[in-house]
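Structure, as structure tokens:
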Protein chains: 6
Amino acid sequence: MKISARNRLKGKIIEVTKGATTAHVRIEVAGGAVVTASITNESVDELGLAVGGEAYAVVKASDVMVAVD
Amino acid sequence: MKISARNRLKGKIIEVTKGATTAHVRIEVAGGAVVTASITNESVDELGLAVGGEAYAVVKASDVMVAVD
Amino acid sequence: MKISARNRLKGKIIEVTKGATTAHVRIEVAGGAVVTASITNESVDELGLAVGGEAYAVVKASDVMVAVD
Amino acid sequence: MKISARNRLKGKIIEVTKGATTAHVRIEVAGGAVVTASITNESVDELGLAVGGEAYAVVKASDVMVAVD
Amino acid sequence: MKISARNRLKGKIIEVTKGATTAHVRIEVAGGAVVTASITNESVDELGLAVGGEAYAVVKASDVMVAVD
Amino acid sequence: MKISARNRLKGKIIEVTKGATTAHVRIEVAGGAVVTASITNESVDELGLAVGGEAYAVVKASDVMVAVD
């Protein structure tokens, strides 16, 4: 499946924290930055996300803001 | 100003394309990935965004998805 | 690629309108409803989206609201 | 109230799961697809959402992505 | 129609700017702040949005960030 | 840090409710309206958000819808 979302950052999962309904998945991407994704617990299970696994952080362009110092 | 958005990726602006109302700003972040942001033309002007400038791509955790191969 | 986004509605593209930077793609999904997606022109080109083609409307669960009459 | 969000899919609520703060509501829409919404527990209470009730899944066009096989 | 989106700010439309596909609508809300909405041109037409009209800025709770000085 | 997000509403925090992973922060903004933000527990801690504190509700323009009666 190819998706229109412009932004895909490859990395390694370093943390998966499930809540009651919502999970936080932290991915260390190339360059060393850590990206946090807030997704459903169901997605974590369905995709088999676990610490150490390779994954992409995916973001639609309209959800990206720009900041300057 | 400190903001709750979890994700801030530092990089250099490599392209700014203004449309009629919406601009696309492309930032090359650490590690070499390019992140595209779709923001208002007004923000581009107000922040003085231009090719070569340093900037951050900022994303709220609830707007990040996770994908696996 | 498998993605965490919970919602995937299969359908047929019935309209593609490119703007200066932002395109609108309309997909008629199963059941006859029409879903409008606002995406970048670049995505339209890269995915080769055109009227008559099969496509999915994909939405993250945190972007879905619920309404009642 | 009329709202600018382009996408409204009518259906029947088949599951409501409340978490600590965030609830998941699943709606079976026309055509048989199931749409998952992640909303606040407060909204579930205020709108009286319950299994079997009629409801709409509502999505802003800028939150819809397009995918192809 | 009642919608799950938590945030509704009542105000008066002070500017409507249509682009090629995307419009910007600015609403002066109670207290004097101005809120900018980026919506489709079609929504502007369908809702008959025009300067001087009363309108609400509506935002889903998961799209609100918090910042401190 | 200056950010592209168009909308910043200043106010006072009137409620902070932490869930398992997701917190709800309610801010009473100028004019008396209350804005609810759904953010990560980590952000609440990192920004030191607490009842009585001053804060801004920040929203990207593409996440704002418009409604009329």
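This structure is a prediction, so every number in the text was calculated from the model and none was measured. Letters go in sequence order (proteins before strands), and every chain restarts at 1.
When each of Ala67(B), Gly31(B), Gly53(B), Ala33(B) is scored by its heavy-atom pairs under 4.5 Å with chain A, the top score falls to Ala67(B). Among the candidates Gly32(B), Ala61(B), Ser43(B), the residue making the largest number of heavy-atom pairs closer than 4.5 Å to chain A is Ala61(B).
Leu9(A) touches chain B through its side chain: at least one heavy atom from C-beta onward sits under 4.5 Å away, while N, CA, C and O do not. For Ile3(A), no part sits under 4.5 Å from any heavy atom of chain B, backbone or side chain. Residue Ile13(A): no heavy atom, backbone or side chain, is found under 4.5 Å from chain B. Heavy atoms of Val34(A) lying under 4.5 Å from chain B belong exclusively to its backbone.
Smallest separation of non-hydrogen atoms from Val64(A) and Thr36(B): CG2-O, 3.6 Å. The two residues Lys60(B) and Met65(A) have their closest heavy-atom pair at N-CE, 4.4 Å.
Of the listed residues (Ile39(B), Val44(B), Val16(B), Val58(B)), just one forms a side chain to side chain contact (heavy atoms under 4.5 Å, CB included) with Val66(A), and that residue is Ile39(B).
Considering CD1 of Ile27(A) and CG of Asn7(B), their distance stands at 9.5 Å, rounded to 0.5 Å.
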